[in-house]
There are 2 protein chains.
Amino acid sequence: MVYSSDATLDALFHALADPTRRTIIRMLAEGPRGLGEVSASFPISSVAVSKHVRTLEAAGLVTRQVQGRSHFCRLEPMALLTAHRWLQAYEGFWTERLDALEDLLGEMKRESGPP
Amino acid sequence: MVYSSDATLDALFHALADPTRRTIIRMLAEGPRGLGEVSASFPISSVAVSKHVRTLEAAGLVTRQVQGRSHFCRLEPMALLTAHRWLQAYEGFWTERLDALEDLLGEMKRESGPP
DNA sequence: TTGACAATAAACCATATGGTTTAATATAAA
DNA sequence: TTTATATTAAACCATATGGTTTATTGTCAA
């Protein structure tokens, strides 16, 4: 198992905790975009969007390629894997609950049963 | 597909973005604990821990059962499923990358090949 | 060379966050 | 009935956050 430091997870989950940043991620999942284009799709200032992108970069979720005066942003999905792995450690707990729920539903069906 | 509101994801990822709160989660994954016991295992004040637990409750990650003057906390793993599902939407992206990496490694092995 | 344009830096603001200490509240035990 | 215990409420503090507006900086185009 690969462990990620607290600081990494802090930055990662913090980056994901903002709706604007999650929207940027969804946007970049469709392909790399210029910062200008990203910025234009939000009702906040380009300065604010720029900061959000920096936060995403700090979390390793986005990388940037500068070309003249345009900056291109690319999603780094491997960073999401880190969060996914953290959650996977608890996967057993919810599947357990889902299974219990399924069993319960099965019983209810049998009880109200086929006439 | 079940969608979770922005506010839900905000609260959830924010709750996960703090190392103390993640430790509380790990602790409660072993079974329900009294708030006192949880509190005692951190170097911060019980008031601070209490606030963290409230944050976890707000995110739906923990529920509390009051028994006299003791409060018992229980992990609610289904809340984690919400975060997991959000991440799953991007699962394809990183598996793609992992596959590419695997292919590359395979090629390198073949090239340095069996003599 | 002179503007226009894309992006950041700096300064600023209101609010949120994570922590503290000191009441206050409710329950258990003496 | 006191007194001790478990927890929260309130007030406070330093710093972080998400936003703004106004310089700056660097690059492309006229």
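Bear in mind that the values here come from a model prediction, so they are computed numbers and not experimental data. Order of the sequence lines fixes the chain letters, A, B, ..., with proteins taken first and strands second; residue numbering starts at 1 for each chain.
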Worked check of side chain to side chain contact (heavy atoms under 4.5 Å, CB included) between L28(B) and L61(B): CA-CA 10 Å; L28(B) 295 181; L61(B) 283 161; over 6 Å; no
Produce the list of close N/O pairs, under 3.5 Å, pairing protein atoms with atoms of nucleotides 15-24 of chain D; give distances to one decimal.
residue, atom, partner, partner atom, Å
dG18(D), OP1, R21(A), NH2, 3.2
dG18(D), OP2, R21(A), NH1, 3.2
dG19(D), OP2, H52(A), NE2, 2.2
dG19(D), N7, K51(A), NZ, 3.2
dG19(D), O6, K51(A), NZ, 2.5
dT20(D), OP1, S45(A), N, 3.4
dT20(D), OP2, S45(A), N, 3.0
dT20(D), OP2, S45(A), OG, 2.6
dT20(D), O4, K51(A), NZ, 3.2

Report each atom pair, protein N/O against N/O of nucleotides 27-30 of chain D, whose distance is under 3.5 angstrom.
none

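At distances below 3.5 Å, at least one donor-acceptor pair connects side-chain atoms of R22(B) with backbone N or O atoms of D6(A). R21(B) places a side-chain N or O within donor-acceptor distance of the main-chain N or O of H14(B), the cut-off being under 3.5 Å. Put simply, the side chain of R33(B) never gets that close to the backbone of I24(B): no donor and acceptor are under 3.5 Å apart.
With a 4.5 Å cut-off on side-chain heavy atoms, Q65(A) and H71(A) do not count as touching.
Rounded to whole Å, the distance from CG on L35(A) to P on dG26(D) is 18 Å. The CZ-P distance, from R64(A) to dA6(C), rounds to 15 Å in whole Å.
Relative orientation of the F13(A) and F13(B) rings is parallel, given thresholds of 30° and 60° on the angle between their planes.
Dense packing is recorded around CZ of R64(A), with more than 12 heavy atoms of other residues, nucleotides or ligands lying under 6.0 Å away.
The two residues G60(A) and E76(A) have their closest heavy-atom pair at O-CB, 3.3 Å.
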